[in-house]
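Written out below as structure tokens is the structure these notes cover.
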Number of protein chains: 2
Amino acid sequence: MKDPLLDLPGYSLRRAASAMMAEFAARIEPLGLRIADVSALLVIEANPGVTASQLGRALDIQRANMVPLLNRIEDAGLLTRRPLDGKSHSLHLTEAGASKLATARITIATFEDWLVHRVPAEHRAHLKPALDALWRD
Amino acid sequence: MKDPLLDLPGYSLRRAASAMMAEFAARIEPLGLRIADVSALLVIEANPGVTASQLGRALDIQRANMVPLLNRIEDAGLLTRRPLDGKSHSLHLTEAGASKLATARITIATFEDWLVHRVPAEHRAHLKPALDALWRD
DNA sequence: TAACCTTGGCTATTGCACATAGCAATCCAT
DNA sequence: ATGGATTGCTATGTGCAATAGCCAAGGTTA
């Protein structure tokens, strides 16, 4: 069967992202985490005390959508919200959060390595710069 | 602010795909089409008479999810479903469908060109092969 | 100080893309 | 001819993101 989509880089991008996200979600799910959770935990750990809106800007997630995300990882005991100035809250990982993230980091590293090695060696080094050019301003 | 996500190719893939899909969706929306519609129309035109399940396999969309998709483009007058053997239906573009697709093709080509030229010349040729390696078996 | 605009966190709702489970009719192979 | 697989479909749920609006708390300027 003819598939004209196979000639379109945009379609390849869509399918590749979809396949890789499904794979990563499956690998991270046994830890009780979702993809968005992992990205939030990583940024919070690297920037203890960030506010929810700063985090949202870094992850390109709307303020409104940060709420259920942060509730979820707070309910899981991975995060504390401390009042900062009566308007903002500062976010910190709990010990459980740091330890969960340490475990997740292994999964992340394994996955990223697996992903990168799926691409043939001659193209490998070009993947990330090419992708970054597509979304970073 | 530190952003450890920026080192992860998987995260770049996610963000790049999200950005590009948003861009394409915005460009194709004035035609009254969605991304999934366009992919279906392209495959149907290239393979007149395909069945819904064949199409679903090509697009990696579950049978169940083909239903609203095909209903939508049929309701828009772009598609006819003809009974094939009492179980399967064969799919064909209407004249309106072919003409709509001809218009869409211009948008698609412009978008794909824009996308590809966002990546620096030295990486450009590597993007599609790298992406294809990530999802094609 | 008072008026104003902006920001931060939140609720509520919606849309899209995708998944699973189950069903009835049809077909195909042994 | 019976049993298994396939087709199209309904119904439902999930993950992620968007929008509109609310309220309280800052910041800025007159």
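Just so it is clear: chains get the letters A, B, ... in the order the sequence lines come, proteins before strands, and each one is counted from 1.
Using a cutoff of 4.0 Å between basic side-chain nitrogens and carboxylate oxygens, Glu45(B) and Arg105(B) are scored as salt-bridged.
Atom CE of Met21(A) is separated from atom P of dA17(D) by 11 Å (rounded to the nearest Å). Taking atom CD of Glu23(B) as the reference point, atom C1' of dA18(D) lies 17 Å away to the nearest angstrom. When rounded to the nearest whole Å, the span between CD of Gln54(B) and P of dT6(D) equals 13 Å.
Within residues 24-48 of chain A, the residues having any heavy atom under 4.0 Å from DNA chain D are, by residue number, Arg34(A), Ile35(A), Ala36(A). Shown for residues 57-87 of chain A: residues whose heavy atoms fall under 4.0 angstrom of DNA chain D, namely Gln62(A), Ala64(A), Asn65(A), Asp85(A), Gly86(A), Lys87(A).
Sorted by first and then second residue, the salt bridge (charged side-chain N to carboxylate O under 4.0 Å, His left out) pairs involving residues 115-124 of chain B (not counting sequence neighbours) form an empty list.
The phosphate of dG9(C) (OP1 or OP2) has a side-chain N or O of Ser53(A) nearer than 4.0 angstrom.
Side-chain contact between Leu93(A) and Leu78(A): absent, with no pair of heavy atoms (C-beta onward) separated by less than 4.5 Å.
Distance check, rounded to the nearest 0.5 Å: OG of Ser12(A) to CG of Leu134(B) gives 9.5 Å.
Using a 3.5 Å distance cut-off with no hydrogens or angles, the side chains of Ser90(B) and His92(B) do pair a donor with an acceptor.
Nearest-nucleotide positions on DNA chain C place His89(A) closer to the 5' end than the other of Ser18(A) and His89(A).
Checked options Leu41(B), Thr94(B), Leu69(B), Leu70(B); the residue passing with Leu79(B) is Leu70(B) (criterion: side chain to side chain contact (heavy atoms under 4.5 Å, CB included)).
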List the steps, then state whether side chain to side chain contact (heavy atoms under 4.5 Å, CB included) holds for Arg14(B) with Met21(A). CA-CA 7 Å; Arg14(B) 186 162 122 87; Met21(A) 290 312 102; 3.3 Å; yes

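Cation-pi check for Arg27(B) over Trp114(B) is met; the charged atom lies under 6.0 angstrom from the ring centroid and within 45 degrees of its normal.
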